[in-house]
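Worksheet for the structure shown next.
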Amino acid sequence: MKKIISVLLVVIMLFSFAACKEKGDLGKQTTTNAQGVVEYNTVASFDYSDFAEENAEKAITDGFKVTSGKGCNDKKVAKTIAQQEFSGDFAYTAVKLFYDRTEGIWRVSYISDTKQEHICIDETGKTILIVKE
């Protein structure tokens with residue numbers, strides 16, 4: 001009986017791993033798009049209040065393109081909204097995603113060797129802060 005249960009558990013585990021792999025759940029942490037931009041597929045955590053306070057002097061808090069939304073509940077939506085807000089002042093080489101679980105705020109960071117632009121979006125899909133470095 002123990003052998004049958006052990007074999008059954010091994011088979012279930014193998015199918016579980018195969019199912020995850022097909023969906024891409026165990027895929028790469030980064031990908032490079034056609035333009036050569038490194039896109040980080042993971043979402044790091046950050047503290048929005050601390051970020052806003054640390055960057056208060058260089059923060060833009062109004063004049064946004066996206067001032068109303070239908071919600072922002074995943075990284076794809078956050079990247080789409082941020083792309084609309086991105087100034088285009090520089091050619092970025094990487095895009096990183098961050099999320100503040102406490103406040104429900106996304107941060108999409110466009111990064112080059114010399115510049116960065118961080119766009120913060122609330123859970124309703126509105127842009128609330130941009131920081132250019």
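Source: prediction; values computed, not measured.
Taken together through direct or relayed side-chain contacts under 4.5 Å among Ile, Leu, Val, Met, Phe, Trp and Tyr, Y92 and V131 form parts of separate hydrophobic clusters. A continuous path of hydrophobic side-chain contacts links I121 to I130 [ILVMFWY only; heavy atoms under 4.5 Å]. I105 and V108 end up in different hydrophobic clusters when Ile, Leu, Val, Met, Phe, Trp and Tyr side chains are linked at under 4.5 Å. Note: the hydrophobic cluster containing I111 does not contain I60 (ILVMFWY, side chain heavy atoms under 4.5 Å, direct or indirect links). Both V66 and V77 are members of a single hydrophobic cluster when ILVMFWY side chains are connected at heavy-atom separations under 4.5 Å.
Among residues two or more places apart in sequence or in another chain, the side-chain hydrogen bond (donor to acceptor under 3.5 Å, both in side chains) test is passed with D89 by S87, K132. T67 pairs by the side-chain hydrogen bond (donor to acceptor under 3.5 Å, both in side chains) definition with nothing, not counting sequence neighbours.
Here F51 contributes atom CZ and C120 contributes atom SG; the two are 5.0 Å apart, rounded to the nearest 0.5 Å. Rounded to the nearest 0.5 angstrom, L97 CG and K76 NZ are separated by 13.5 Å. Once rounded to the nearest 0.5 Å, the distance linking CZ of F86 with NZ of K65 reads 10.0 Å. The distance from atom CG of D62 to atom OG1 of T127, rounded to the nearest 0.5 Å, is 12.0 Å. The distance from the CG atom of D74 to the CH2 atom of W106 is 6.5 Å, given to the nearest 0.5 Å.
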Item to complete: Carefully, step by step, assess L129 and Y48 under the rule side-chain contact (heavy atoms from CB on, under 4.5 Å).
Response: CA-CA 10 Å; L129 182 77; Y48 172 75; 3.8 Å; yes

Item to complete: Give the intermediate values and the outcome of ring-ring contact (aromatic ring centres under 6.0 Å, His included) for residues H118 and F98.
Response: CA-CA 10 Å; H118 311 279; F98 301 85; 7.5 Å; no

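The list of salt bridge (Lys or Arg N to Asp or Glu O under 4.0 Å) pairs with a residue in residues 99-127, not counting sequence neighbours, is empty.
Between the side chain of Y110 and the backbone N or O of G88 there is no donor-acceptor pair closer than 3.5 Å. A distance-only check finds no donor-acceptor pair linking the side chain of E85 to the backbone of F64 [under 3.5 Å].
Taking each heavy atom of T93 and S112 in turn, the nearest pair found is OG1-CA, 3.7 Å.
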